Amino acid sequence: MSRTVRARRSELATPASNEHMFAKAAAAGADLVFLDLEDACAPAEREAARGKAARALRELDWGTTTRAIRMNGVDTRWAHGDVIEVVTAAREALDVIIVPKVRAARDVWWVDVLLTQLEETLGLGERIGLEVLIEEVEGLQDVDAIARSSDRLEALIFGAGDFSASQGARVDTNFDPRADYPGDLWHYARSRIVVAARAAGIEAVDAPYPNYRDPDGYRLACERAGAMGFAGKWAIHPSQVEPANAVFAPTPEEIAHARRTVAAYRDAEAAGRGATGLDGMLVDAAHLRHAETVRTKAALLGL
Ligand code: GLV
Ligand code: MG
């Protein structure tokens with residue numbers, strides 16, 4: 001079965017226990033909003049939050065925003081209840097489930113099998129997609145198998161907060177993209193995740209940026225992630241949505257340049273050549289691929 005192709009420049013986190021934040025999240029303009037049943041919810045609130053999330057998914061106007069929840073990890077007592085209760089109550093109003101702390105492909109299969117049974121029992125018309133967080137060292141080691149574990153899987157997300165803890169790094173001291181040494185402490189993890197995602201034909205989404213009062217740092221982190229091939233970034237505050245949407249979308253100049261690149265390459269091809277020049281720069285088959293990627297992204301975003 002084919003996967004749904006979605007924009008995911010911005011993925012906005014909202015605690016599923018805090019109903020007063022839901023309307024603002026739904027109207028924030030994010031490509032995806034997830035109501036979080038996991039770490040943003042106090043453990044005592046997690047069961048009650050399921051009903052709040054399902055009601056919001058069904059009743060609010062989400063416009064074109066993808067509607068998601070983050071469930072609890074499959075090694076917790078909440079996991080099966082999260083999936084069964086929210087899917088049963090929200091039905092087609094839930095597009096995607098985010099699975100945290102995935103350590104192995106079998107964690108994804110477990111959710112996939114449960115969803116398949118629920119969709120059949122409830123007679124759901126739409127298939128629910130999955131995104132998974134790579135935020136445990138075991139998950140990073142097995143990331144290739146995880147990326148290929150289910151045809152519901154649409155994206156891998158880098159969870160730098162938990163990953164720092166899992167690796168034994170000093171949490172929250174190393175996210176600032178302006179730090180000069182050792183540069184991006186998470187460059188290896190980020191590269192590993194993007195390559196695994198792309199090789200499996202899915203997307204990668206970059207980590208949350210905890211300092212929501214640092215718009216310049218957030219924008220720079222978006223630019224770095226975009227340069228590496230991430231399709232988008234988490235937003236932990238509605239103010240982070242606009243910069244993520246802007247940075248991860250191709251600019252009008254990029255779209256125009258892509259169109260000219262394709263035209264130049266086609267002209268060269270018609271003249272029996274495999275390469276040409278455009279504004280003093282080489283255009284060959286690799287540049288054609290870049291240009292086509294820009295055009296595909298622009299078409300997805302209606303640009
Ligand atoms: C996200 O869940 C993170 O741990 O960074
Ligand atoms: Mg986490």
Side-chain angles (χ1 to χ4, degrees), residues 8-18 21 25 30-43 45-46 49 53 66 68-76 78-79 82 96-104 107-108 111 130-143 146 153-177 179 184-194 196-197 203-212 214 217-218 221-222 224-225 228 230-238 240-241 244:
R8 39 173 64 85
R9 295 166 299 173
S10 51
E11 298 204 341
L12 176 63
T14 307
S17 48
N18 295 12
M21 295 173 122
D31 284 337
L32 178 150
V33 169
F34 66 93
L35 302 177
D36 189 11
L37 296 168
E38 201 217 16
D39 288 353
C41 260
E45 301 287 325
R46 291 188 189 183
T66 296
I69 57 158
R70 175 164 70 168
M71 62 180 288
N72 282 280
V74 300
D75 56 350
T76 70
W78 294 289
D82 288 350
V96 165
I97 294 181
I98 298 177
V99 191
K101 300 187 177 67
V102 165
R103 292 186 169 82
D107 298 350
V108 187
V111 181
L130 292 177
E131 298 188 2
V132 303
L133 275 149
I134 302 298
E135 53 182 347
E136 298 291 337
V137 289
E138 298 91 331
L140 191 67
Q141 277 194 316
D142 262 354
V143 69
I146 292 169
L153 189 57
E154 299 175 12
L156 306 178
I157 309 163
F158 178 43
D162 273 297
F163 192 81
S164 305
S166 179
Q167 184 171 307
R170 298 174 80 176
V171 187
D172 280 3
T173 54
N174 289 301
F175 68 86
D176 191 328
D184 178 5
L185 185 65
W186 304 126
H187 187 73
Y188 166 71
R190 288 193 159 103
S191 289
R192 190 82 189 77
I193 289 169
V194 179
E203 289 190 317
V205 174
D206 194 34
Y209 189 81
N211 187 349
Y212 54 86
D214 176 18
Y218 182 74
C222 287
R224 298 246 170 107
M228 289 182 74
F230 282 93
K233 188 165 175 67
W234 261 17
I236 54 153
H237 189 273
Q240 294 181 332
V241 167

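This one's a predicted model, so the numbers in the text were calculated from it and none came from an experiment. The first residue of the sequence shown is numbered 1, and numbering continues consecutively from there. As the structure lists them, so they are numbered: ligands from 1, and atoms in each ligand from 1.
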> Taking heavy atoms and a distance under 4.0 Å, where does R70 meet ligand 1: side chain, backbone, both or neither?
Replying inline: side chain
>> Angle at the Mg ion (ligand 2), OD2 of D162 to OE1 of E135, rounded to 10 degrees, please.
In response: 100°
>> Evaluate W234 for polar contact with ligand 1, using N/O atom pairs at a separation under 3.5 Å.
In response: no
> Is it the side chain, the backbone, both or neither of P208 that has a heavy atom closer than 4.0 Å to ligand 1?
Replying inline: side chain
> Who passes salt bridge (Lys or Arg N to Asp or Glu O under 4.0 Å) against E135, sequence neighbours left out?
Replying inline: none
> Would you say L133 has any N or O atom under 3.5 Å from an N or O of ligand 1, going by distance alone?
Replying inline: no
>> Suppose I only count heavy atoms of A160 and a 4.0 Å limit; which atoms of ligand 1 are within that range?
In response: 5 (O)
> What is the nearest protein non-hydrogen atom to atom 3 (C) of ligand 1, stated with its residue, atom name and distance?
Replying inline: E135 OE1, 3.4 Å
>> If the cut-off is 4.0 Å to any non-hydrogen atom of D162, which atoms of ligand 1 fall inside it?
In response: 3 (C), 4 (O), 5 (O)
> Any donor-acceptor pair under 3.5 Å linking the side chain of K233 with the backbone of A207?
Replying inline: yes
> Are any of the N or O atoms of F163 closer than 3.5 Å to those of ligand 1?
Replying inline: no
> Is a side-chain N or O of E154 found less than 3.5 angstrom from the main chain of V96, in a donor-acceptor match?
Replying inline: no
>> Can you classify the ring geometry of H237 versus Y212 as parallel (below 30°), tilted (30 to 60°) or perpendicular (above 60°)?
In response: parallel
>> Taking D31's backbone N and O only, do any of them form a donor-acceptor pair with S10's side chain (distance below 3.5 Å, no angle check)?
In response: yes
> Do the side chains of V132 and L156 get nearer than 4.5 Å, heavy atoms only?
Replying inline: yes
> Under 4.0 Å between a Lys/Arg side-chain N and an Asp/Glu carboxylate O for D184 and R190?
Replying inline: yes
>> With a 4.0 Å cut-off on heavy atoms, is P100 in contact with ligand 1?
In response: no
> In terms of residue, atom name and distance, what is the protein heavy atom nearest to atom 5 (O) of ligand 1?
Replying inline: G161 N, 2.8 Å
>> With a 3.5 Å distance limit and no angle check, can you tell me whether N72 reaches the backbone of L37 through a side-chain donor-acceptor pair?
In response: yes
